[in-house]
Amino acid sequence: QRERAETPAAVAYFSPEFGLTEALPQYSGGLGVLAGDHLKAGSDLGVPLVGIGLLYREGYGHQVLDASGWQNERFRPLDPAAVGLHRVEGVEVRLDLAGQELAAGVWRAAVGRVPLYLLDTSAVDNPPALGPVTDRLYGGDMEHRLRQEILLGIGGMRALRAVGEPAEVFHTNEGHAGFLGLERIRELVTEGLAFTAAVEAVRASTVFTTHTPVPAGIDRFPRELMERYFGAFAAAVGVSFDQLMAIGHAPDEPPDAPFNMAVMGLRLAGHANGVSRLHGAVSRRVFHGLWPETPEAEIPIGAVTNGVHAPTWTPAPMDSLLRRHVGPAWADANGEGWSGVEGISDAELWAVRVTGREALVQAVRHRLVAAARRRGAAEPALAEARSALAPEALTIGFARRVAEYKRAGLLLSQPDRLRRLLLDPARPLQLVFAGKAHPADRQGKAIIQELTRFTEDPAVRARLAFLEDYDMGLARALYRGADVWLNTPRRPLEACGTSGMKATLNGALNCSIRDGWWDECAAEGNGWSIPSAESVTDLVERDRLEADALFQILEQEVVPQFYERDAAGIPHRWTAMMRTALRTLGPRILAARMVKDYVDEAYLPAARRARAVAAEGHAVARRLGEWKARVAGAWPAVAVLEVTAPPASVPQGQSAPVQARVRLGALDPAEVVVELVQGPLAPDGGWEASEPPAVPMAWRAGPDEAGLHRYEGPFRATGPGRHGYTVRVRGHHPDLLHPHEIGCCAWAAGAP
Ligand SMILES: *Cc1c(COP(=O)(O)O)cnc(C)c1O
C-alpha cells in the first residue's frame, strides 16, 4: 500500500532510438532494441512508462552490399500510418533553433499499455532553411545531430506536457536526450525558482543511464555551436553562458572545451547507472574527473544490468517448454522458479536446437538466393546458394553492429585454422555472420568487406554465410538457429551486450569474452569464457592471444562436445549445458528483472525524492541549491592539516584514538563530516581493499586561535599485517541524495 502511494504517476523514458519491430527501423543497434524491450517489459509489469523519441522518416539505412562486398545504404521512406502510428491531433511542439522557430507534430504508438510519442518535423510546415530535422537516425553532421538532440530533449518535454502525460520521473537513455534537463530548468526558473534550486529539483527526479565505456562514444558539441543554440537560453534562465557550458564540463575543463552530453547527464541526474556491473565500475573510472577527490569506488554511478523482453525473443518451442517447466509466468520467475528447467529432458532440449537450426539454414539459403539474384548471379551460383550450409552442422552465430572493438574478424585472423574447423568432414563447423556498419564508418565497412570476401572463398563458402541487412527479424532467425553465440569484444568496451541474452532464450550457448553482462553471469558449465589478454598493450599481439584462446576452446571443447552423441543422436553433455545455461541465466537476463531493478533502485527513490524536494514551494531544492553553491565556494579553504599518529603497533582487535586538526574556513562543523579511512595495506603501500571503510570522527573542539577544529576517531587493527589510515573531510548536508554528489572532499596529505 505504501509502495503504491509512492509510485510515480508516470515515468517518461527518453531515447534517441526505439527498436520495437523490424517494420519500424528506428534503431541502429543494441541501444534502441533495449529501449523497445524496456517499454514492452514495462507494459507487461504495469509500470507507468511513457516513451519519448523522434520519428525518423527514413529511419536507419538498410544495408545493401555491392559485388565487392562494400556496404551501401538504402533508405525507404516510412509511412507512419501504415505501421500503426497515430497522429496526436491538435498537438504541435514549437521551439527555438538558433533564432528560427522549429515545429514538430507528434505521433503516438501503443507499446502494449505504454504510449510512445515520436516527434516529427516533416509532419508540419517548417522554414526550408532548417531542413528535415527528423530525416534519418544518426544522419548528417554535428549541427544536424545537435538539432535532433534539442528536438528530442526540449521538444520531447514540450510534447510530454502538451499531451498531458503526468510524468514525475524522467529517464534518459544515454546522453542524447539530456537537454530535457535544461528544458525542465527553464520551466522551473519561469515559475520563479533560482537556477541552483531548479538544478536540484531536476536532479531529484532524473535518471541517467550511460551506455558507452569509451569517451569517444559520447556526444560533444563545440562551444561555438552551443553558443548559437543556447546563448539565449542561458540568458533566459539567468546564468552566464560560461555557467551553462559548465554543466557539460568536468571541473578541470576550460570554458571553451566542448559541451559533453554525458557529463550533463550525470550533473542533472540524481540517479545514474551503467548497464552491467562491470560497466558500472568502468563508468566510475571514465567519469572520475567529475569527482576528482572521491575514491573511484564511491563515485555515484551504479549499475543496472540490461535485460531482454522474453516474449519478443523466445521462439514458440522454447516458450512452451518454459511454460511447462518454469510456469506460465516464466518471464517473471526468480531463481527458484527457473530451477524447473532441470525437468526438461535432453530430447526436448535437443529438438528445439534441431528445428531452430533447420529453420535458420532454410532462411539463410532463401536470403542468399535473393541476394545473388539481385546481383544478377548465374545459375551455378544460385544453386550453390540454395544448398548453402548444412542443417546438422555445429552452427556459430555472430551478429552485431560492426564496430572495430567487437572484432567480427577475430576468427578470420587465423584462416588456416578456421578452414580446418569448417572443412572437418566428420565434425564440421559453420558460421553465420550479419551486421551493419554505421553509414560513415569506413573502417567498419572494410571489416564487412573482409568477412564477405572470406565467405566467397570457393573452398569454404558452403560453411559460411554473411547475411545482409541485420535487423530484429534477422536477429530472431539467427538466435533461433545458432548452437553457439560468439561474442569477441575487446574487454571492457562492450558495456553490456544483449544479443547473447537473446540467444540464450533460444537455447544457444554463449562463447564470449568476459565483458559486459557475461562477466557477471558466466559460471561453471553455462557457456564458455574466452580469456582476455587485457594486460597486453600491443593490440595486434592481444588480438592474436585472444584468437588463439578462442580457437582452443572451439577445437578442444565446443566441437568435441557437440559431436559426442548417444545412439539416438543426442549430445548429452551439450544439452546438460543448455539446461545449466537456462537455469543460471534465465533469472538474470530478462527485461522484467531489469525494469523491476529500475523501479526499485531508481524510479521509486526518484519519485519519493522529487516529491520531497518539491514540497513547500521547493523548499528542499532551494536550501540544497544555496548550500551547494556556498560550500563549493568555501571549499578551497578546507583542509586536513595535522593527523596525530596512534602508537606504532596496535594489537589486533584493539583500537587507539587518532586526532586530526581540520580547517573549515567559512563552514560550520555541521556542514561537513570528517572521516577516518582505514584498512589493511598492500605490499606497495596502497590500500588492500578497493573501498576501505570510512568511519566518522567526532568533533572535539574548535575553532582554536588558528581557526582549526579538532576531531578524534578510533583507529582499529581489524586483522594481522600492516594497517594504514588517513583522514578526509567532505561536505555534508542531510538532504544530499548521495554522500559524494557534491564532490567536495579533502584529504590529509600523504594518504596511501
Ligand atoms: C539485440 C540486438 C542488438 C544488440 O546486440 P549486442 O549484443 O549488444 O551487440 C543489435 N541489433 C539488433 C537487431 C538486435 O536485435
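Residue numbers count from 1 along this sequence. All ligand and atom numbering here is 1-based and tracks the order in the structure. Treat the numbers as computed from the prediction; the structure is a model and nothing was measured.
- Close contacts between ligand 1 and Gly497 involve ligand atoms 7 (O), 8 (O) [criterion: under 4.0 Å to a heavy atom].
- Ligand 1 has no nitrogen or oxygen under 3.5 angstrom from a nitrogen or oxygen of Asp471.
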Show me the donor-acceptor pairs within less than 3.5 Å that the side chains of residues 108-115 make with the rest of the protein, sequence neighbours left out.
from: Arg108; atom 1: NE; to: Tyr117; atom 2: OH; distance (Å): 3.3
from: Arg113; atom 1: NE; to: Ser43; atom 2: O; distance (Å): 3.1
from: Arg113; atom 1: NH2; to: Ser43; atom 2: O; distance (Å): 2.8
from: Arg113; atom 1: NH2; to: Asp44; atom 2: O; distance (Å): 3.3

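- Atoms of ligand 1 found under 4.0 Å from any heavy atom of Thr498 (numbered from 1 in listed order, with element): 1 (C), 4 (C), 5 (O), 6 (P), 7 (O), 8 (O).
- Side chains of Thr209 and Asn173: a donor-acceptor N/O pair is absent below 3.5 angstrom, by distance only.
- Atom 7 (O) of ligand 1 has its closest protein heavy atom at Ser499 OG, 2.5 Å.
- Within the listing of ligand 1, atoms 10 (C), 11 (N) sit less than 4.0 angstrom from a heavy atom of Gly29.
- Below 3.5 Å of separation, one finds no N or O of Tyr27 facing any N or O of ligand 1.
- Regarding atom 4 (C) of ligand 1, its nearest protein heavy-atom neighbour is Gly30 CA, 3.4 Å.
- At least one donor-acceptor pair under 3.5 Å links the side chain of Asn526 to the backbone N or O of Ala523.
- With Glu468 as reference, Arg374 is the one residue of Arg374, Gln71, Lys436, Arg367 to meet the side chain to side chain contact (heavy atoms under 4.5 Å, CB included) rule.
- Of all the atoms in ligand 1, the ones that sit under 4.0 Å from a non-hydrogen atom of Ala475 are 15 (O).
- A salt bridge links Asp543 to Arg490: one of the charged nitrogens lies within less than 4.0 Å of a carboxylate oxygen.
- Using a 4.0 Å heavy-atom cutoff, Lys406 is listed among the residues neighbouring ligand 1.
- More than 12 heavy atoms of other residues, nucleotides or ligands sit less than 6.0 Å from atom CZ of Arg514.
- The heavy atom nearest to atom 12 (C) of ligand 1, considering only Trp485, Trp517, Tyr470, is found in Tyr470.
- Classification of Glu555 and Arg417 as a salt-bridged pair holds, one side-chain N sitting under 4.0 Å from a carboxylate O.
- Salt bridge annotation for Asp600-Lys596: absent, with no cationic side-chain nitrogen under 4.0 angstrom from a carboxylate oxygen.
- Judged by the 6.0 Å and 45° rule, Arg476 forms no cation-pi pair with Tyr479.
- Near Val33, meaning under 4.0 Å from any of its heavy atoms, are these atoms of ligand 1: 12 (C), 14 (C), 15 (O).
- Distances shorter than 4.0 angstrom occur between a heavy atom of Tyr479 and an atom of ligand 1.
- Residue Trp313 has no N or O atom closer than 3.5 Å to an N or O atom of ligand 1.
- Among Glu22, Glu494, Lys502, the residue whose heavy atom lies closest to atom 14 (C) of ligand 1 is Lys502.
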